[in-house]
2 protein chains.
Amino acid sequence: MSRILTVAAAQLGPIQKAETRAEVVARMIALMEEAKAKRADFIVYPELALTTFFPRWYHEDRAEADPWFEAAMPNPQVQPLFDKALECGMGMSFGYAELTPEGQHFNSSILVDKTGAIVGKYRKIHLPGHVDYDETRAHQHLEKRYFEPGDLGFPVWRTMGGLIGMCICNDRRWPETYRVMGLQGVEMVVLGFNTPSVNGHRSGEGLAQRLFHHRLSVQAGAYQNSCWVVAVAKAGDEDGNHLMGGTLVVNPDGEIVAELEGEADGIIVVPCDLDATRFGKETIFDFARHRRIEHYGAITAQVGVVEPD
Amino acid sequence: MSRILTVAAAQLGPIQKAETRAEVVARMIALMEEAKAKRADFIVYPELALTTFFPRWYHEDRAEADPWFEAAMPNPQVQPLFDKALECGMGMSFGYAELTPEGQHFNSSILVDKTGAIVGKYRKIHLPGHVDYDETRAHQHLEKRYFEPGDLGFPVWRTMGGLIGMCICNDRRWPETYRVMGLQGVEMVVLGFNTPSVNGHRSGEGLAQRLFHHRLSVQAGAYQNSCWVVAVAKAGDEDGNHLMGGTLVVNPDGEIVAELEGEADGIIVVPCDLDATRFGKETIFDFARHRRIEHYGAITAQVGVVEPD
C-alpha cells in the first residue's frame, strides 16, 4: 500500500524589517507556483513567515511590537496567498504572529486544506529566550516577552488523506512535542523555524553545531514516533542578524530524504508515503505494547529538575 | 569548573552458549585491568554481560531458561570481578538476568561504587520482542517471554561525584527514559545493549540502519537532557546470530566523542566533565523555565495511540 502526500518545503530567505507583507506574500506565491509545477499537494512555509524575525528587537513598550502581528487570518494582505492556494488546489501551512480579539499574543501557525479552509491552528508552546533585555547575550531573543505560551496543546488533524500535526521552531527540540502527536497517530509533523546561526550565550556554538542539533532533534522525533517531519527555515541575513537554513524532510525511519541548499527562497518537493509510517508504528514503536506509563509520572508531574538526596 | 569522571566503555565480543560465567568474568577482568591502566574511575559493561543473549532461544517451558539467571548478586562466579574492582578502586556497572527470591525474572543492571557497594539497581522497563514463538520473524526475540517489565522506575544515584542513571538496550529508543532521569538532573546515563544486526521483521534493515537508529536515539537523549551517555555493546557472532557493535560515548551536546571499532572485547576510555552538563541544563534545556507540562498529559494518561475523529 502507499498513500502519497507530495509536500513542498518552502524556505524563505531573509525578510528585512522594511519589507512589506505584500512583498513577502508575492515571494510565497512564487514558491507556490513552483510547487504546483512540481505537483505538490501541500506547501509548508516557515515560522513567522510574513515578517522579519522581530523578537530580536527590544521594545520597552511591548505594544510597539503589535504592528508585526495579524489581527485576523486571512486578512487583506494575505488573501492573495489563500486565493492562489485555492486556484492551485493545494493545502498549505505557515506561521505568523497572532493578535487575538482579546488582546492575546501568540506565535501561531495554521493548516489550510485544499478547499482553502483553515482546518487547524497551533500556538507555539515552547517559547525560547527571555522576557527582559539581556545584556549578557550576543543578540536578543525576546519570544517570552512578546508571546504567551500556546494554549491549544498539540492537536493532530485528519486532513489531506492523513493525520497531520504542527509545531514551531524550538518545539522541535522537545521530545514531548512529537510524543503527544505520536499518541494521536500523527503521520506528518510540519514545522517552521527561525534559528539564529550562533548561540547567543556561547559564541563558539556556531552554524555547524546548530544545524547538527536541529537535524538530531527532528530526526529523533520522526524515528521515535514513526512519522514524516517537514522542517522549513527562514534563512539568511535579516538586517545584520543571520538565521541558519536547514530546510529538510525526514522519513519515518529518521532519515533525511531531502535537504535544501543555501539561504534563499526555494523549495524541495518530496512525495511522502504516509503508509510508510505503519511499519514502525506496528513494531518497535507499537506504543500500546511497549510503553510503560507507570514509570513516566515525573514527565507530567513536575516542570523542573528535582535532584535525588 | 570541571568535575572529571573517567569512564571506560567495555564492549564484550560474542559469548557463545557453551561459555561459562567464569570464562566471561575472566574477560571482564582483563578489560578492567586495561581500564585501570588507562586511569578509568568507572567501567561500564553491556546488558546481560555474563551470558550469551539467551532470549533468542525459545523454550516452551520458561523454567528451562532459569540457568541463564543469577539468583544472587554478587555470587561466587562473579565475586572475582567485584574483588578486582575493589582492588582497582573502580566503580562499575553491568547487566545480568536477575531471578529474585520470589521467583520474578528481570533484565537488570547494577551500579557499584568504588568501595564495592552496590548503590543502584535498575530493571529494564521497555522490553522489546514478543512472548510466544513467532514464525514470521527471521529470529526470535523473546524478552517479553522471559522477563517481567522493570518495577523500579528510572532512578538516578548520587555517586562517584555525579548524578548517574542506568537504562538497558531498547530503553534507549524511548525519550521518556532519558527525560525521567533528566528531571532528576542526571549527568551520565550508562546503558548496555545486545542488538541484532538485522531487524527480524524486515531483512532490508541491516547493520548500517540499525547503527544509525542506535546513534540517533542515544545522541538525542544526551542532547535533550544535556547529559553524558555511555552506551556499551555486546557484539559479534553468538552461535550464528550476529549482534551489532556501536559502543560509544556521547557528550551533553549530543556529539559522539569516542566510538569503538570492531566487535571484539575492547574499551574506550573518556574523561567526562560532569560540569559540561551545566550549560545545556541552564539555558535551552532549563526545564523549569521552558517545559509546559499542562500540554503533556497524554504522555502519562494513555499507553497507546488514540487517533482523532
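The basis for the numbers below is simple: all heavy atoms, side chains too, and nothing from hydrogens, waters or symmetry mates. Just so we're clear, the structure is a prediction, and the values are computed from it rather than from any experiment. Just so it is clear: chains get the letters A, B, ... in the order the sequence lines come, proteins before strands, and each one is counted from 1.
With respect to B:Glu176, the side-chain hydrogen bond (donor to acceptor under 3.5 Å, both in side chains) criterion is satisfied by exactly one of A:His295, A:Arg179, A:Gln224: A:Arg179. None of B:Val156, B:Leu163, B:Val186 except one satisfies the side-chain contact (heavy atoms from CB on, under 4.5 Å) rule with A:Glu307; the exception is B:Leu163.
Using a 4.5 Å cut-off between heavy atoms, B:Asp253 touches chain A through backbone and side chain atoms alike. Only the side chain of A:Asn199 comes within less than 4.5 Å of a heavy atom in chain B; its backbone stays farther off. Within the 4.5 angstrom heavy-atom criterion, atoms from both the backbone and the side chain of B:Ser217 approach chain A. When heavy atoms are compared at a cutoff of 4.5 Å, B:Asp309 approaches chain A solely by way of its backbone atoms N, CA, C and O. Contacts between A:Ile284 and chain B at a heavy-atom distance below 4.5 Å involve backbone atoms as well as side-chain atoms. No part of B:Tyr178 comes within reach of chain A, as not one of its non-hydrogen atoms sits under 4.5 angstrom from that chain.
In this pair, B:His213 and A:Tyr223 present their aromatic rings parallel. The plane angle is below 30°, not in the 30 to 60° band.
Each of A:Ile125, A:Val305, A:Leu183, A:Thr300 has some count of heavy-atom pairs under 4.5 Å with chain B, and the biggest count is that of A:Leu183. Comparing A:Gln209, A:Gln219, A:Glu294, A:Arg173 by how many heavy-atom pairs each has under 4.5 Å with chain B, the most go to A:Arg173. Across A:Gly221, A:Ala301, A:Gly129, A:Pro155, the residue that shares the most heavy-atom pairs under 4.5 angstrom with chain B is A:Gly129. Chain B forms the most heavy-atom pairs under 4.5 Å with one residue out of A:Pro175, A:Pro149, A:Ala220, and that residue is A:Pro175. Of the residues considered (B:Thr177, B:Val180, B:Val306, B:Asn170), B:Val306 shows the highest number of contacts with chain A, using heavy-atom pairs under 4.5 Å. Contact count versus chain A (heavy atoms, under 4.5 Å) is highest, among B:Gly150, B:Pro128, B:Pro308, for B:Pro308. Among B:Tyr296, B:Phe285, B:Phe154, the residue with the largest count of heavy-atom pairs under 4.5 Å with chain A is B:Tyr296.
The structure places CZ of B:Arg291 at 7.0 Å from CH2 of A:Trp174, a figure rounded to the nearest 0.5 Å. The CD1 atom of A:Ile299 sits 11.0 Å away from atom CD1 of B:Ile293, with the distance rounded to the nearest 0.5 Å. The CD atom of A:Gln302 sits 10.0 Å away from the CZ atom of B:Phe287 when rounded to the nearest 0.5 Å. Atom CG of A:Leu127 and atom NE2 of B:His290 lie 9.5 Å apart (nearest 0.5 Å). Atom-to-atom distance recorded for A:Glu255:CD and B:Leu216:CG is 10.0 Å, nearest 0.5 angstrom.
Comment: A:Asp171 does not engage B:Arg292 in a salt bridge, judged by the lack of any side-chain N to carboxylate O separation of less than 4.0 angstrom.
Scanning for side chain to side chain contact (heavy atoms under 4.5 Å, CB included) contacts around B:Ala231 gives B:Leu191, B:Phe193, B:His214, B:Val218, B:Leu248, with sequence neighbours left out. With sequence neighbours left out, A:Arg289 forms a side chain to side chain contact (heavy atoms under 4.5 Å, CB included) with A:Asp286, B:His130, B:Lys144.
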